[in-house]
Amino acid sequence: MSKVYICTAIPYVNGNPHIGHAMDYLLADTCARYCRLQGDEVKFQVGTDEHGNKVFSTAQKNSVPVEQYVQENSDKFLNFINRLDISYTDFVRTTDPEHIRTCQEVWQKLKPHIYSAEYDGWYCEGCERFVTEKECQENGGICPDHQREYQRLSEKNYYLRISDFKEQIRTAIESDQMKISPAFRKQEVLKLLEDTPDISISRPRKQLSWGVPVPGDDDQVMYVWVDALSNYISVLGYPDSEELKEFWPATAQFVGKDILRFHAITWPAILLGIGLELPKNIVTHGHVLANGQKMSKSIGNVIDPIEVLDRKGLPAFRYFFLRHIDSFADSDFTWEKYDDAYNNELANDLGNLVQRLATLCSKNAVSGAAYLGHLDPEFSALMDKFEFSKALNYVWQKIQSLNKRIDEEKPWTLAKNGEVDKAKTTLLSLAQELLKVSYHLQVFLPETATTITETFSSEQILPPKAPLFPKN
Ligand code: MSP
């Protein structure tokens, strides 16, 4: 048994959750359940990123005091996470006093690597990111992600001397000591690292009032990313706590592709600067698209996850986003794909299988079996590489072969022909196989797996009262 720490990116609270936000939670939750299944003790952080100009100006636009605004939106994310049945252990808010204390401790410890200088350059408010001259030119002065003009800034900032750590970061990435998955993202980061300048880590208070004050300089406020990234260790009680010793470095940090640079360059530089180890894995997922397009408020194609949840329930939601949204690549959501996956796969492949097999077992008085937990090596190999959508594909192939086996072995004709013992043995073997499938399925669809396991391990197997996935 080992201690495992799993982290997710904390979303900005300048709006409601959308379906894309589900990815960090679902992937991390699958990882957490997989680790627990193997006996690990898991600490699992989620939370909300509440400072910065983006949040502040949206609160103002909505004419709501910023404290109230962040509280309300943080609650929406918390509700969403709970509705997804995410098995987190800690929910952190960057406005928590403990978190703010951690940020200031981090800053103090980083001081030998901090210097003050004028920043004269570009900034994207949408990304909350300083942009190099080269990047600004390449993009024609407009952020491709936010379709907004970069702002020109000329101000005093504190800088973090990234050059102090570049070599160490490069070595850690190249050697997979801090492993970036998938592999093509590792190459991207190595390339990006070459051109990374020192990073500005504060802004003048008159430009950014909603943030953590820089210790010892009332005129400066911490850059939102230094504040946000520190959440991963404020959860563990940095600087001195038993939990920090027990759970750091993180086993896996789950992030979207757009924020990989902060997690693979800025965050390691901060960690090295304060003398902490680097996370063991950074797992990078792609984006969920809506009808092939990036979701955006201006296009008006943002999909509300609550609507998706209400349509077919939680297992369908978890199933679609874990199987049909690739764990690493961009993937598309459409209502049609969603409904097809529900009808053809959940209802037909799995729901019917459970109903049919349980009915046959019940008719032939087959007693339930126990399945002694064991994961197929092929499945584990995929899970260990965070290839969760492929691992769920693997489970689905097992479900499809079980359906095929029933059709071929026709246990109902055996019974009709008087071969009662043979019918019973066949059904028992099929039930055992389904229990095995369910054991693998539990990391993705815990609720469904519990129902299947209870059904086929009870003394008297009875079909579930209602179909698992009713068609409407
Ligand atoms: N607040 C920062 C993260 C700080 S972590 C120390 C942030 N917030 S965010 O709300 O913009 O994004 C939160 C997470 O959601 C990120 O991992 C991001 O990549 C992910 N996604 C945002 N839109 C997404 C999709 N359309 N699809 C999948 N993930 C998406 O960045």
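Note that the structure is a prediction, hence the values are computed from the model and not measured. In each ligand, atom 1 is the first atom listed, and ligand 1 is the first ligand listed.
Counting the atoms of ligand 1 from 1 in the order shown, those under 4.0 Å from a heavy atom of G286 are 28 (C). With ligand atoms numbered from 1 in the order given, ligand 1 contributes 6 (C) to contacts under 4.0 Å with heavy atoms of A228. Taking every non-hydrogen atom of D49 and a distance limit under 4.0 Å, the qualifying atoms of ligand 1 come out as 1 (N), 2 (C), 4 (C). Of all atoms in ligand 1, numbered sequentially from 1 with element shown, those under 4.0 Å from a heavy atom of H263 are 5 (S), 6 (C). Near H21, with a cut-off below 4.0 Å to any heavy atom, the atoms of ligand 1 are 10 (O), 13 (C), 15 (O). Interface of M295 with ligand 1, defined as ligand atoms under 4.0 Å from a residue heavy atom, comprises 26 (N).
Remark: among candidates D24, I10, V224, the nearest residue to atom 14 (C) of ligand 1 is D24, based on non-hydrogen atoms. With atom 22 (C) of ligand 1 as the reference point, the heavy atom nearest to it among K54, H18, K294, Q253 is part of H18. If you check each of A9, P11, G20 against atom 25 (C) of ligand 1, the one with the closest non-hydrogen atom is G20.
When hydrogens are left out, the protein atom nearest atom 31 (O) of ligand 1 is I259 CG2, 3.4 Å; that is the closest non-hydrogen contact. When hydrogens are left out, the protein atom nearest atom 27 (N) of ligand 1 is V288 N, 2.8 Å; that is the closest non-hydrogen contact. At the shortest separation from atom 7 (C) of ligand 1 among protein heavy atoms lies Y12 CE1, 3.4 Å.
For W225, the closest heavy-atom approach to ligand 1 falls below 4.0 Å. Within the 4.0 Å heavy-atom cutoff, F262 does not count among the residues contacting ligand 1. Residue contacts with ligand 1 leave out A22, since none of its heavy atoms falls under 4.0 Å from the ligand.
There is no side-chain donor-acceptor pair under 3.5 Å between S234 and T102. A side-chain donor from one of Y34 and D384 sits under 3.5 Å from a side-chain acceptor of the other. With no hydrogens or angles considered, a side-chain donor-acceptor pair links E345 and H324 at under 3.5 Å.
Annotation: G256 places an N or O atom under 3.5 Å from an N or O atom of ligand 1; distance criterion only. The distance criterion of under 3.5 Å between nitrogen or oxygen atoms is not met by Y232 with respect to ligand 1. Considering both main-chain and side-chain atoms, D258 comes within under 3.5 Å of ligand 1 through a nitrogen or oxygen pair.
Under the 4.0 Å criterion applied to side-chain N and carboxylate O atoms, K191 and E188 are not assigned as salt-bridge partners. Comment: D145 does not engage R129 in a salt bridge, judged by the lack of any side-chain N to carboxylate O separation of less than 4.0 angstrom. Salt-bridge check for R101 with D96: failed, with every basic side-chain N at 4.0 Å or more from each acidic carboxylate O. A salt bridge does not link K54 to E128: none of the charged side-chain nitrogens sits closer than 4.0 Å to a carboxylate oxygen. A salt bridge does not link D219 to K156: none of the charged side-chain nitrogens sits closer than 4.0 Å to a carboxylate oxygen.
Between H21 and F80, a ring centre-to-centre spacing not shorter than 6.0 Å is recorded.
A cation-pi arrangement is found for R203 relative to Y123, the charged atom lying closer than 6.0 Å to the ring centre and inside a 45° cone about the ring normal.
Other residues, nucleotides and ligands place no more than 12 heavy atoms under 6.0 Å from the CD atom of E378.
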